[in-house]
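These notes concern the structure reproduced below.
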Amino acid sequence: MIPTTMKAMVLTGHGGVDKLEYQEVATPQPAPGEVLVQVTATAKNNTDRKAREGLYPTKKGEMTSFQMGGKPTLLFPRIQGADIAGRVVAVGEGVDESRIGERGLLDFNIYADDRRDINLTPDYYGHGADGGFAEYVALPSDQFHPIPNPELSDAELASMGMCSYQTAYHMVTSANIRAGEYVLVTGASGGVGTALIQLCRIIGAIPYALSKQDKAEALLEMGAEAVLDRSDMGNFVERVKAATGGKPFDAVMDLVGGE
Ligand SMILES: NC(=O)c1ccc[n+]([C@@H]2O[C@H](COP(=O)([O-])OP(=O)(O)OC[C@H]3O[C@@H](n4cnc5c(N)ncnc54)[C@H](OP(=O)(O)O)[C@@H]3O)[C@@H](O)[C@H]2O)c1
């Protein structure tokens with residue numbers, strides 16, 4: 001039995017964490033073509049914080065977040081949460097009931113049209129529509145992908161974050177990274193950085209991490225060939241040469257910017 005109300009962490013406006021309120025709200029109903037997902041795990045993605053703080057400005061000095069058709073798409077109250085793992089508990093009209101019980105992960109994009117091109121993606125769940133900081137969420141059935149893999153817990157699945165992995169995948173494919181190529185990843189310990197390191201290894205490329213020394217062990221375990229300490233950039237070129245045996249990087253995946 002699905003309750004008519006649910007608990008949700010509701011964003012009430014741009015600002016600090018005090019803008020997030022734990023509230024009782026109506027449980028969404030799955031529309032035609034949608035599934036109702038009981039959320040079992042949601043990652044707190046960097047993008048949730050940035051959106052809350054209004055760090056996606058479209059005009060100088062304006063905290064409006066994305067604007068489609070000239071109007072802001074982050075309207076309040078909004079339930080954030082882009083990286084959603086959960087189980088299908090109900091289906092909308094036109095969706096096969098056999099999906100009920102399925103464990104899966106959301107493709108968080110709100111696509112502009114049938115091309116489903118992420119370059120044309122205007123928005124995402126947890127921003128332009130309600131997301132996973134709640135007990136239930138209604139989602140397009142074809143964007144909730146079944147992932148039965150018993151070796152992955154729901155929390156691990158959500159923390160992989162489709163948002164950061166898709167960003168990383170897009171970087172790797174845009175740069176046309178090939179097996180055997182040497183890739184430098186800055187901001188390596190973050191959401192996108194850890195995804196890049198793992199994706200490089202899957203492709204057969206050799207990822208080098210620019211990070212901090214206290215994170216080196218975890219990054220090496222994850223697949224980094226070597227970790228370069230960013231706290232001392234003085235002799236960076238020499239350290240790179242020493243780490244790669246003199247081979248230059250084929251690509252730099254820069255998640256930090258600046259100098
Ligand atoms: N998360 C997403 O799904 C997503 C999607 C699209 C775009 N992006 C963008 O991709 C970038 C990275 O996002 P993220 O989610 O991976 O962020 P994150 O998890 O916060 O990681 C950022 C990393 O940058 C490094 N860093 C932080 N401050 C630094 C400084 N002052 N100087 C040098 N390095 C510093 C840190 O790594 P080290 O300590 O290891 O150096 C940190 O872990 C951001 O610009 C974000 O807007 C993210």
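Both ligands and their constituent atoms are indexed starting at 1 by order of listing.
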Pick from Leu196, Asn45, Asp214: the one approaching atom 2 (C) of ligand 1 most closely through a non-hydrogen atom: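 Selected option, by shortest heavy-atom distance: Asn45.
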Minimum non-hydrogen distance to atom 23 (C) of ligand 1, winning option of Ala188, Ala195, Gly187, Ser164: Gly187
Pair Thr12, Lys19: side-chain N/O donor-acceptor within cut-off below 3.5 Å: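 Side-chain D/A pair, Thr12 to Lys19: absent.
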Donor-acceptor pair between Tyr165 and Gln198 side chains, under 3.5 angstrom: yes
Aromatic ring proximity Phe249/Tyr182, centre distance under 6.0 Å: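 Judged by ring-centre distance (under 6.0 Å), Phe249 and Tyr182 do not meet the cut-off.
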Between Phe76 and His14, ring centroids under 6.0 Å: yes
Starting from [atom], find the nearest protein heavy-atom neighbour and note its residue, name and distance.
atom                    : answer
atom 41 (O) of ligand 1 : Arg230 NE, 2.6 Å
atom 43 (O) of ligand 1 : Ser189 OG, 3.0 Å
atom 11 (C) of ligand 1 : Leu255 O, 3.6 Å
atom 44 (C) of ligand 1 : Lys50 NZ, 3.9 Å
atom 17 (O) of ligand 1 : Asn46 ND2, 3.1 Å
atom 18 (P) of ligand 1 : Gly190 CA, 3.9 Å

Asp83 to ligand 1, any heavy atom closer than 4.0 Å: no
Any Gln166 heavy atom less than 4.0 Å to ligand 1: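 Gln166 does not count as a contact of ligand 1 under the 4.0 Å cut-off.
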Per-residue contact class, Val192 against ligand 1 - non-hydrogen pairs under 4.0 Å: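 Val192 to ligand 1: contacts from backbone and side chain alike.
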Region of Thr47 engaging ligand 1 - heavy atom pairs below 4.0 Å: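 Contact part for Thr47 vs ligand 1: neither.
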Partner of Tyr124 under side chain to side chain donor-acceptor pair (under 3.5 Å), chosen from Asp107, Asn45, Thr47, Thr73: Thr47
For [X], I'd like to know if atom [atom1] has over 12 heavy atoms of other residues, nucleotides or ligands within 6.0 Å.
X      : atom1 : result
Glu156 : CD    : yes
Lys247 : NZ    : yes
Glu24  : CD    : yes

Sub-4.0 Å protein heavy atom near atom 38 (P) of ligand 1: yes
Under-4.0 Å heavy-atom contact between protein and atom 33 (C) of ligand 1: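 So far as the 4.0 Å threshold goes, atom 33 (C) of ligand 1 is in reach of a protein heavy atom.
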Contact (N/O only, under 3.5 Å) between Gly193 and ligand 1: no
salt_bridge(Asp130, Arg78) N-O dist < 4.0 Å: yes
Donor-acceptor contact present, side-chain Asp232 to main-chain Gly234, <3.5 Å: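 Flag set: sc Asp232 to bb Gly234 pair under 3.5 Å.
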